[in-house]
Amino acid sequence: MKSPLLSLPGAVSAEGVDEGVAAHYGDLFREQRALADGTGFVDLSHRGVITVTGEDRLSWLHLLLTQHVSDLPTGQATEALVLSANGHIEHALYLVDDGTTVWAHVEPGTQETLLAYLESMKFFYRVEVADRTADIAVVHLPAGSIAEVPEGVVVQETAYGRELFLPRADLESYAEKAGPPAGILAHEALRVEHHRPRLGFETDHRTIPHELGWIGTAVHLQKGCYRGQETVARVQNLGKPPRRLVFLHLDGSEVHLPAPGTELRVADEAPDGRKIGFITTSVRHHELGPVALALVKRNVPVDAPLMADTTAAAQEVVVEP
């Protein structure tokens, strides 16, 4: 779904999964600094939007998600995962309940499979699930923003800012009042700075929540059964995850960033030596320079200098080994 805000001056369309919104509006670092200062907004209207209504909505979702939501207070934002039977991450939801409806935004293009799964699990529960992507656009306001929120718009408030579930028809008029626009690349740079994993970027077909630090934020360890709970409990109580998320400071003298999927090795080993992980997201940050998130094998020493192809990288621990 192509955003009308791509018609704004300087807008350059994003590629890949973020296609449909602006990568930037002509000045990546200025846009990052604006967000870091609490000004401007980010068009996330390509993200999927799912709603759940009905009096059983919270108790029903509690059975399906990794998060404790049966008593979720009205207006309190949270995040949750849907796992496979083997505990691998399939979906990530960012949700809030407004008192009558649970609103969730998800990765672009994942809403259809998520909706199909939720529909298959309704049984006798008094719930209705709907895909609202066509009429609701997600807009991000950074932490500290004093931008006005239109009356009646559902808001998800987090430590990193606010996500607005804005009627898509109002997107252009809201953009005129919300301050300077920032593209998805600026939003991604701050996400990487805060070590926040993203489905489809930091995850692959075998990722479990422990590897990314999603225990506690998206996975509640003191709740009842849900699909994949056995794996979560077993790793939490009896073992360690096979991989761990790390933050990398990359050599700033390199012209090009290592692409997602670039294999990592320990720096003092031969170029064709053992592969110990891979880059998941790499960005240029307005203060930190080139940085990245990566998944590495758990037993890689935390002080080991790494190489991403020909780019030197220094680790910063995100998930403890």
Side-chain angles (χ1 to χ4, degrees), residues 1-5 14 16-22 35 41-53 57-58 61 64-67 69 72 74-82 89-119 127-143 145 147 149-150 152-171 174-175 178 182-184 186-188 190-191 194 196-203 214 217-218:
M1 188 171 293
K2 186 176 179 180
S3 172
L5 301 191
V17 70
D18 289 322
E19 183 180 2
V21 297
L35 293 180
F41 72 96
V42 182
D43 175 12
L44 299 179
S45 61
H46 63 318
R47 289 186 65 81
V49 176
I50 296 285
T51 59
V52 183
T53 56
R57 65 190 183 282
L58 290 176
L61 285 171
L64 304 178
L65 305 180
T66 57
Q67 188 58 273
V69 296
L72 185 66
T74 298
Q76 180 175 307
T78 192
E79 54 189 282
L81 308 175
V82 172
I89 300 169
E90 292 188 343
H91 293 281
L93 297 81
Y94 302 84
L95 55 91
V96 64
D97 183 76
D98 69 1
T100 61
T101 302
V102 171
W103 296 77
H105 64 87
V106 299
E107 285 299 323
T110 66
Q111 64 269 19
E112 291 185 5
T113 55
L114 174 59
L115 185 68
Y117 170 66
L118 294 176
E119 287 285 357
V127 294
E128 293 297 332
V129 186
D131 181 354
R132 300 292 303 277
T133 309
D135 63 297
I136 297 294
V138 179
V139 173
H140 172 78
L141 299 177
S145 171
V149 176
V153 168
V154 176
V155 178
Q156 183 185 36
E157 184 114 26
T158 74
Y160 307 101
R162 290 174 288 172
E163 267 73 65
L164 278 55
F165 292 89
L166 187 75
R168 193 171 289 274
D170 297 341
L171 182 57
Y174 184 74
I184 193 71
H187 188 264
E188 283 289 280
L190 300 189
R191 176 181 72 82
H194 293 126
R196 299 176 62 205
R198 183 178 173 188
L199 183 79
F201 288 65
E202 280 60 60
T203 66
W214 253 329
T217 60

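No experiment lies behind these values; they were computed from the predicted model shown.
- The two residues Leu72 and Leu58 come nearest to each other via the heavy atoms O-CD1, 4.0 Å.
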Under the criterion side-chain contact (heavy atoms from CB on, under 4.5 Å), I'd like the reasoning laid out for Thr101 against Asp97: C-alpha separation, chi angles, the key distance, then a yes or no. CA-CA 6 Å; Thr101 302; Asp97 183 76; 5.6 Å; no

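- Expressed to the nearest 0.5 Å, how far CZ of Arg57 lies from CG of Leu95 amounts to 11.5 Å.
- With sequence neighbours excluded, the residues forming a side-chain contact (heavy atoms from CB on, under 4.5 Å) with Pro167 are Val153, Asp170, listed by chain and number.
- Two residues are said to be in side-chain contact when any heavy atoms from C-beta on lie closer than 4.5 Å; Val154 and Val96 meet this criterion.
- A 4.5 Å side-chain heavy-atom check between Tyr94 and Thr78 finds every atom pair outside the cut-off.
- Below 30°, between 30° and 60°, or above 60°: for Phe165 and Trp103 the angle between ring planes is between 30° and 60°, a tilted geometry.
- For Glu119, the CD atom is densely surrounded, since the number of other residues' heavy atoms within 6.0 Å is greater than 12.
- Gln111 places a side-chain N or O within donor-acceptor distance of the main-chain N or O of Gly109, the cut-off being under 3.5 Å.
- To the nearest 0.5 Å, the span separating CG on Leu44 from CG on Leu166 amounts to 11.5 Å.
- To the nearest 0.5 Å, atoms CG (Leu118) and CG (Leu61) are separated by 7.0 Å.
- Here the side chain of Thr66 pairs a donor or acceptor atom with the backbone of Leu81 at under 3.5 angstrom.
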Under the criterion side-chain contact (heavy atoms from CB on, under 4.5 Å), I'd like the reasoning laid out for Glu90 against Tyr117: C-alpha separation, chi angles, the key distance, then a yes or no. CA-CA 11 Å; Glu90 292 188 343; Tyr117 170 66; 5.9 Å; no

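- Of the inter-residue distances, the one linking Asp131 atom CG with Thr51 atom OG1 reads 8.5 Å to the nearest 0.5 angstrom.
- Every pair passing side-chain hydrogen bond (donor to acceptor under 3.5 Å, both in side chains) that includes a residue from residues 152-162 is listed here, sequence neighbours excluded: His105-Gln156.
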Could you go through the side-chain contact (heavy atoms from CB on, under 4.5 Å) check for Ile50 and Leu115 one step at a time? CA-CA 8 Å; Ile50 296 285; Leu115 185 68; 4.1 Å; yes

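- With sequence neighbours left out, His46 forms a ring-ring contact (aromatic ring centres under 6.0 Å, His included) with no residue at all.
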Glu128 and Thr53: side-chain hydrogen bond (donor to acceptor under 3.5 Å, both in side chains), yes or no, with the steps? CA-CA 5 Å; Glu128 293 297 332; Thr53 56; over 6 Å; no

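- The minimum heavy-atom distance between His140 and His187, with the atom names listed, is CD2-CD2, 3.7 Å.
- A pairwise comparison of heavy atoms in Val21 and Ser3 identifies CG1-CB, 4.2 Å as the closest pair.
- Under the side-chain contact (heavy atoms from CB on, under 4.5 Å) criterion, Ala169 pairs with no residue at all, not counting sequence neighbours.
- Nearest heavy-atom pair, Leu35 versus Ala186, reported as atom, atom and distance to 0.1 Å: CD1-CB, 3.9 Å.
- Atoms CD and CG, from Glu107 and Leu199 in turn, are 5.5 Å apart once rounded to the nearest 0.5 Å.
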Chi angles and distances behind the side-chain contact (heavy atoms from CB on, under 4.5 Å) call for Leu64, Val82: CA-CA 7 Å; Leu64 304 178; Val82 172; 5.8 Å; no

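- In this structure, the side-chain contact (heavy atoms from CB on, under 4.5 Å) partners of Thr113, at least two apart in sequence or on a different chain, are His91.
- Between Ala178 and Phe41 the shortest heavy-atom distance is CB-CD2, 3.7 Å.
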Go through the steps to decide whether Arg198 and Glu188 satisfy the test salt bridge (charged side-chain N to carboxylate O under 4.0 Å, His left out), and finish with yes or no. CA-CA 10 Å; Arg198 183 178 173 188; Glu188 283 289 280; 3.2 Å; yes

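- Of all heavy-atom pairs spanning Ala134 and Met1, the tightest one is CA-CE, 3.9 Å.
- Between Glu202 and Arg191 a salt bridge is recorded (basic side-chain N to carboxylate O distance below 4.0 Å).
- Residues forming a side-chain contact (heavy atoms from CB on, under 4.5 Å) with Ala137 (at least two apart in sequence, or on another chain): Ser45, Arg168, Leu171.
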